[in-house]
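The structure under discussion appears below in the form of structure tokens.
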Amino acid sequence: MTIYTNDMKPYSHRTGIAEFVGMSPEQVRVIWMDGPQLYGRTAADDAGFEAAWLANELGRPVRMQWSREEETAWDTKGPAFAIDMKGGLDADGNVVALDYSARIANYAHVGYNQADTVLIAQLMGIRPERPSPGGGRGPDEMYHIPNRRLETRAVRFPLAFETPLRTGNLRDPNGPQTAFAGESFIDELAAAASADPVAFRLRLLRGSLEDDEAYRRARSIAVVEAAAEAYGWDPRPSPRAVGSGRFLTGRGISYAYRARTTVATIAEVEVDRETGRVWVRRMVCGHDCGLVINPDGLESTVQGNLLHGISRTLYEEVRFDGEKVTSVDWRTHPTLTHMDTPERIDVVIVNGDPNPDRPDLLPYGAGEPSHRTVPAAIANAIHDATGVRMRRLPLRPERVLAELERVGL
């Protein structure tokens, strides 16, 4: 059997299909083809399994093609999070305690081309012996906070495989959700301390001299400083005084790391107080992924991350009723358009290795880390412009307008 697919993991696609149709892996060949989505399809290529099953049953070539509506309705969804955060400041505005409690709806998470979790298996009544337990982690940052508790629990529900809301990995699995909560709350603590958001983060990063073998603390400081310098950051507390005009402007920062890559992103936004529309006018990203082999390729990758992050932050939302997913087309599930892209995106490539006797760090990777910083950067910029703290994504116009009206803007 030969399968043509743009599944992002063709080797696991091969072994999964072989198991599903009862063939040996040596009898299955997967040829990767260029196609839509990020790195190819997510590694739960339902269409490929369906084509393999039909071809095996019929004994002849089969082409299986999902429409956009079918894919948007049935493909795996990024798991939802609900996160509660608490924190404490001392008299000098230092963070002395942080409590992070998260619930994640990814019980029965769909695996990478696992023969018993793809859609055709689900519809045929095939079930894994034990559902995935799910799980997640808190925000990834190097802040020094003396007292900290992080807790994430998967929400269990009955009939895990009788739902169209199958969960799987989107770009930077779970990173945008956790960083949105974590960096929004750090910004909230900075506002409570009447501190500049950049200076507040740098103080947290410099609160300890301990570092790891990849110098993530030192390199975190470097990317925050580099992004602020490239943006021309004017130190002041947030929010700014709310203007009287229709369009309100603000800036926000978000920092995180993924694996051994450190990132800081600044977003400058314009909020239409009459419609709730948010336009990200400018973005600056300080990025340190170790040794850079292809600077042009890196810059394009980071720009793609930021644009995709804007789309997820402002527009993309899974909607459903008691029976099915209802966000299945461009109207009900919109994405970023050319009209809404920033005027300017600056990518600052940082080499923050603090050891002068060490050669360049290894190349760590840039495919996903900057993506996780986008939602909080935009939400913090909205707060700077309006004084309103957005706590739920996506930041669609109707949601922003409702919050503006709630506070009388």
Under 4.0 Å between a Lys/Arg side-chain N and an Asp/Glu carboxylate O for R68 and E71? no
Give a yes or no on whether a salt bridge exists between R399 and E317, defined as a side-chain N under 4.0 angstrom from a carboxylate O. yes
Stepwise side-chain hydrogen bond (donor to acceptor under 3.5 Å, both in side chains) test for T326 and D321: CA-CA 7 Å; T326 59; D321 56 23; 5.9 Å; no
Does either side chain, that of S101 or that of D84, offer a donor lying less than 3.5 Å from an acceptor on the other one? no
Salt-bridged, R246 to D272, with N to O below 4.0 Å? yes
Intermediate values then yes/no, side chain to side chain contact (heavy atoms under 4.5 Å, CB included), I126 and I120: CA-CA 9 Å; I126 299 171; I120 186 173; over 6 Å; no
State, with a plain yes or no, whether a side-chain heavy atom of V318 is found less than 4.5 Å away from one of L165. yes
Take N113 and D7, measure what side-chain hydrogen bond (donor to acceptor under 3.5 Å, both in side chains) needs, and give me the verdict at the end. CA-CA 9 Å; N113 288 314; D7 182 274; 3.2 Å; yes
Salt bridge flag under 4.0 Å for residues E268 and R251: no
Could you walk me through whether R372 and N305 pass side-chain hydrogen bond (donor to acceptor under 3.5 Å, both in side chains), step by step? CA-CA 9 Å; R372 67 178 48 191; N305 270 329; over 6 Å; no
Using a cut-off of 6.0 Å, state whether more than 12 heavy atoms not belonging to E69 lie near its atom CD. yes
Run the side-chain hydrogen bond (donor to acceptor under 3.5 Å, both in side chains) test on Y315 and D340 for me, step by step, so that the C-alpha distance in whole Å, both residues' side-chain angles and the decisive distance to 0.1 Å come before the verdict. CA-CA 11 Å; Y315 304 104; D340 298 316; 3.1 Å; yes
Test: E398 and R277 ion pair at under 4.0 Å: no
With a cut-off of 6.0 Å (strictly less than), are more than 12 heavy atoms of other residues, nucleotides or ligands near OH of Y4? no
Does L209 have more than 12 heavy atoms from other residues, nucleotides or ligands lying within 6.0 Å of its CG? no
Would you say the side-chain atoms of T249 and E270 include a donor-acceptor pair closer than 3.5 Å? no
Determine, stepwise, if the pair D346 / R344 fulfils salt bridge (Lys or Arg N to Asp or Glu O under 4.0 Å). CA-CA 7 Å; D346 298 311; R344 178 178 172 183; 2.8 Å; yes
Should we say atom CZ of R236 is surrounded by more than 12 heavy atoms from elsewhere, each under 6.0 Å from it? yes
Would you check if N380 and I253 make a side-chain contact, meaning some heavy-atom pair closer than 4.5 Å? no
No-hydrogen, no-angle side-chain donor-acceptor test under 3.5 Å, S184 and D187: no
Output yes when a side-chain donor or acceptor of E70 lies under 3.5 Å from a complementary backbone atom of S67, and no otherwise. yes
When you compare the side chains of W66 and D46, does any donor N or O come within less than 3.5 Å of an acceptor on the partner? no
Any side-chain heavy atom of M283 sitting closer than 4.5 Å to one from I266? no
To the nearest 0.5 angstrom, please state how far the CD1 atom of I221 sits from the CE atom of M142. 9.0 Å
Stepwise salt bridge (Lys or Arg N to Asp or Glu O under 4.0 Å) test for K86 and E151: CA-CA 12 Å; K86 301 176 184 178; E151 177 195 47; over 6 Å; no
Would you say CZ of R149 has more than 12 non-hydrogen atoms from neighbouring residues, nucleotides or ligands within 6.0 angstrom? no
A264 and A227: which non-hydrogen atoms are nearest, and at how many Å? O-CB, 3.8 Å
Can R166 be said to sit on top of W74's aromatic six-ring, NZ or CZ under 6.0 Å from centre and within 45° of the ring axis? no
Salt bridge between R391 and E188, side-chain N to carboxylate O under 4.0 Å? yes
Smallest separation among heavy atoms of T332 and R396, with atom names: O-NH2, 3.4 Å
Could you go through the ring-ring contact (aromatic ring centres under 6.0 Å, His included) check for Y255 and Y143 one step at a time? CA-CA 10 Å; Y255 142 76; Y143 296 137; 5.4 Å; yes
Partner of V242 under side-chain contact (heavy atoms from CB on, under 4.5 Å), chosen from L248, V388, D384, V407: L248
Are E183 and P375 side-chain neighbours, meaning at least one heavy-atom pair lies under 4.5 Å? no
Decide whether N169 and Y112 meet the rule of one side-chain donor and one side-chain acceptor closer than 3.5 Å. yes
Min side-chain heavy-atom separation I186-R201 under 4.5 Å: yes
Stepwise ring-ring contact (aromatic ring centres under 6.0 Å, His included) test for F49 and H13: CA-CA 8 Å; F49 276 77; H13 197 53; 5.5 Å; yes
Quick one: does any side-chain atom of T265 pair with a main-chain N or O of C285 as donor and acceptor, under 3.5 Å? no
Side chains of R219 and N351: donor-acceptor distance under 3.5 Å anywhere? no
How about H144 and L205: do any of their side-chain heavy atoms sit closer than 4.5 Å? no
Check step by step if salt bridge (Lys or Arg N to Asp or Glu O under 4.0 Å) holds for R260 and E213. CA-CA 10 Å; R260 298 187 175 190; E213 72 281 0; 2.6 Å; yes
With a 4.5 Å limit on heavy-atom distance, are the side chains of N6 and D34 in contact? no
So, do I378 and V269 sit near enough that their side-chain heavy atoms are less than 4.5 Å apart? yes
Any salt bridge between R63 and E50, counting N to O under 4.0 Å? no
Could D172 and R258 be called an ion pair, given the rule that one side-chain N must be under 4.0 Å from one carboxylate O? yes
Below 30° counts as parallel, above 60° as perpendicular, anything between as tilted: where do the rings of H308 and H371 land? tilted
